[in-house]
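A quick write-up on the structure given underneath.
Labels below follow one simple rule: chain letters A, B, ... track the order of the sequence lines, proteins then strands, and each chain is numbered from 1. The analysis underlying the following values was restricted to heavy atoms, covering all of them including side chains, and did not include hydrogens, waters or symmetry mates.
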There are 2 protein chains.
Amino acid sequence: MSATRRMIEVRDADQCCPSVLAAPMDGVDAQRLAVGFAALADPVRLRILSILADSRAGEVCVCDLVSPLEKSQPTISHHLKILSDAGLVHGERRSKWVWYSLDRARLAQLQSSLDA
Amino acid sequence: MSATRRMIEVRDADQCCPSVLAAPMDGVDAQRLAVGFAALADPVRLRILSILADSRAGEVCVCDLVSPLEKSQPTISHHLKILSDAGLVHGERRSKWVWYSLDRARLAQLQSSLDA
DNA sequence: TCAATGCATTGATGTCCGTCAATATACCAG
DNA sequence: CTGGTATATTGACGGACATCAATGCATTGA
């Protein structure tokens, strides 16, 4: 899988944001939403999002996450892949480093699915 | 455990809603938030919340959940306990039935933890 | 070309979770 | 008290997940 290929699967505007409270949800919508919240259901991943949100440049490389989170580098990569599959972050390779940034729009979608 | 005892552990207003995006989160806050999102990270539980939100009286008994969700009664009870422990629903016994209702304030807390 | 660095993937391990059958508990009607 | 109904709990099973060591791949610099 090439680096330039990795973005095509990320998002489809229609399939992301049913509302929990607006109407009875069918199993398919519920399953999709559950995957989104599952990405948020881990303290390491929440802290990754938090660090990304707080970064000056809006992005950080993996090497800058390992030490503050006190997890191994493979573990951090694992969590970044889950966040990336959920559309919450995007990674871009620049020379030796991969820079990850937050997708605030995707986060807002999940948030709005909880609208009253 | 008696029915009247079950409410004491439910909530403490201070411990529920750190913000993901406002500042770097410590592990304790992240852990607490992750527990909240984990309660939302299952399609059956999301559909329970959805059914509760859509109910006329604002509450439904367990017996009204089993058939639409196509899960066994113990499974539904299991999910209701998880939602209850997370403070997202509350159950009240009235005669033979236990009526569950949505805690919209708790849901709003989780939602606001994703504020930009 | 070679060694070093940054990141991803694989494989293994222990733990947690969703599910249901069986059982227990609570309540009510008779 | 007895039987029936509604819900909760227990125990067991299979699958998913978090974690890390080892390894692979890509990039850079010498």
Side-chain angles (χ1 to χ4, degrees), chain A residues 1-7 9 27 30-31 33-48 51-52 59-86 89-101, chain B residues 1-7 9 27 30-31 34-49 51-52 59-86 89-101:
Chain A
M1 173 167 50
S2 76
T4 51
R5 282 279 175 91
R6 296 198 46 218
M7 317 197 62
E9 63 195 326
Q31 174 62 38
L33 249 187
V35 169
F37 286 121
L40 299 178
D42 181 279
V44 174
R45 292 196 286 272
L46 288 177
R47 296 184 71 193
I48 289 176
I51 290 174
L52 285 175
E59 53 184 13
V60 303
C61 65
V62 181
C63 57
D64 287 334
L65 292 170
V66 172
S67 150
L69 296 177
E70 297 177 296
K71 298 290 175 187
S72 72
Q73 175 268 317
T75 295
I76 301 297
S77 267
H78 166 72
H79 286 300
L80 283 168
K81 175 161 176 45
I82 290 175
L83 289 171
S84 179
D85 288 347
V89 305
H90 302 289
E92 181 193 349
R93 173 144 228 150
R94 289 208 291 277
S95 82
K96 279 167 52 169
W97 297 273
V98 178
W99 296 89
Y100 280 91
S101 58
Chain B
M1 174 167 44
S2 75
T4 51
R5 282 279 176 91
R6 297 200 44 222
M7 316 197 63
E9 63 195 327
Q31 174 62 39
V35 170
F37 286 121
L40 300 178
D42 180 277
V44 173
R45 291 197 286 272
L46 287 176
R47 297 184 70 193
I48 289 175
L49 298 180
I51 290 174
L52 285 175
E59 54 184 12
V60 303
C61 65
V62 181
C63 57
D64 287 333
L65 293 171
V66 172
S67 149
L69 296 177
E70 297 177 296
K71 298 290 173 185
S72 72
Q73 175 268 318
T75 296
I76 301 296
S77 267
H78 166 73
H79 286 300
L80 283 168
K81 175 160 177 45
I82 291 175
L83 289 171
S84 179
D85 288 348
V89 306
H90 303 289
E92 180 193 350
R93 174 144 228 148
R94 288 207 293 277
S95 82
K96 279 167 49 168
W97 297 274
V98 178
W99 296 89
Y100 281 90
S101 57

Residue pair B:Trp97 / B:Cys63: nearest heavy atoms and the distance that separates them: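 Smallest heavy-atom distance, with atoms named: CD1-SG, 3.9 Å.
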Non-hydrogen atoms of B:Glu92 and B:Arg94 that approach each other most closely: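 Closest approach of B:Glu92 to B:Arg94, heavy atoms only: OE1-NH1, 3.1 Å.
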Sugar-phosphate, base or nothing in reach of B:Arg45, heavy atoms under 4.0 Å: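 B:Arg45: backbone/sugar contact only, no base atoms under 4.0 Å.
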What is the separation between atom [atom1] on [X] and atom [atom2] on [N], rounded to the nearest whole Å?
{"X": "B:Leu46", "N": "C:dG18", "atom1": "CG", "atom2": "C1'", "result": "14 Å"}
{"X": "A:Lys81", "N": "D:dT19", "atom1": "NZ", "atom2": "P", "result": "17 Å"}
{"X": "B:Glu92", "N": "C:dC27", "atom1": "CD", "atom2": "C1'", "result": "15 Å"}
{"X": "B:Leu80", "N": "D:dA6", "atom1": "CG", "atom2": "C1'", "result": "13 Å"}
{"X": "B:Asp85", "N": "C:dC16", "atom1": "CG", "atom2": "P", "result": "16 Å"}
{"X": "B:Asp42", "N": "C:dC16", "atom1": "CG", "atom2": "P", "result": "18 Å"}
{"X": "A:Ile76", "N": "C:dC7", "atom1": "CD1", "atom2": "P", "result": "11 Å"}

Selection from C:dA8, C:dG18, C:dC20 that lies nearest to any side-chain heavy atom of A:Pro74: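 Side chain of A:Pro74 sits closest to C:dA8.
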Which nucleotide in D:dT19, C:dC7, D:dC20 has an atom nearest any side-chain atom of A:Ser77: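 Closest nucleotide among those given: C:dC7.
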Interface with DNA chain C, restricted to residues 64-72 of chain A and to heavy atoms under 4.0 Å: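 None - not one residue of the stretch has a heavy atom sitting under 4.0 Å from the strand.
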Which side-chain N or O atoms in residues 39-47 of chain B pair as donor and acceptor under 3.5 Å with protein atoms at least two apart or in another chain?
residue	atom	partner	partner atom	Å
B:Asp42	OD1	B:Val44	N	2.8
B:Asp42	OD1	B:Arg45	N	3.3
B:Arg45	NE	B:Ala39	O	2.8
B:Arg45	NH1	B:His79	ND1	3.0
B:Arg45	NH2	B:Ala38	O	3.1
B:Arg47	NE	A:Met25	O	3.0

Can you measure from [atom1] ([X]) to [atom2] ([Y]) and round to the nearest 0.5 angstrom?
{"X": "B:Leu83", "Y": "B:His90", "atom1": "CG", "atom2": "NE2", "answer": "11.0 Å"}
{"X": "A:Asp64", "Y": "A:Tyr100", "atom1": "CG", "atom2": "OH", "answer": "13.5 Å"}
{"X": "B:Glu59", "Y": "B:Ile51", "atom1": "CD", "atom2": "CD1", "answer": "14.5 Å"}

Side chain to side chain donor-acceptor pair (under 3.5 Å) involving B:Gln31 - partner list, sequence neighbours excluded: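 Here no residue qualifies.
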Under-4.0 Å side-chain N/O to phosphate OP1/OP2 contact, [X] with [N]:
{"X": "A:His79", "N": "D:dT19", "answer": "yes"}
{"X": "B:Tyr100", "N": "D:dA6", "answer": "no"}
{"X": "B:Thr75", "N": "C:dC20", "answer": "yes"}

Residue closer to the 5' end of DNA chain C, B:His78 versus A:Gln73 (nearest nucleotide):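 It is A:Gln73 whose nearest nucleotide is closer to the 5' end.
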N/O-N/O pairs, protein side and nucleotides 2-5 of chain D side, under 3.5 Å:
residue	atom	partner	partner atom	Å
D:dT5	O4'	B:Lys96	NZ	3.4

5'-most by nearest nucleotide on DNA chain D - A:Ile82 or A:Ser95: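 The 5'-side residue here is A:Ile82.
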Which pairs of donor and acceptor atoms, one on a side chain in residues 69-77 of chain A, lie under 3.5 Å apart (sequence neighbours left out)?
residue	atom	partner	partner atom	Å
A:Ser72	OG	A:Thr75	N	3.3
A:Ser72	OG	A:Thr75	OG1	2.9
A:Gln73	NE2	A:Ser77	OG	3.4

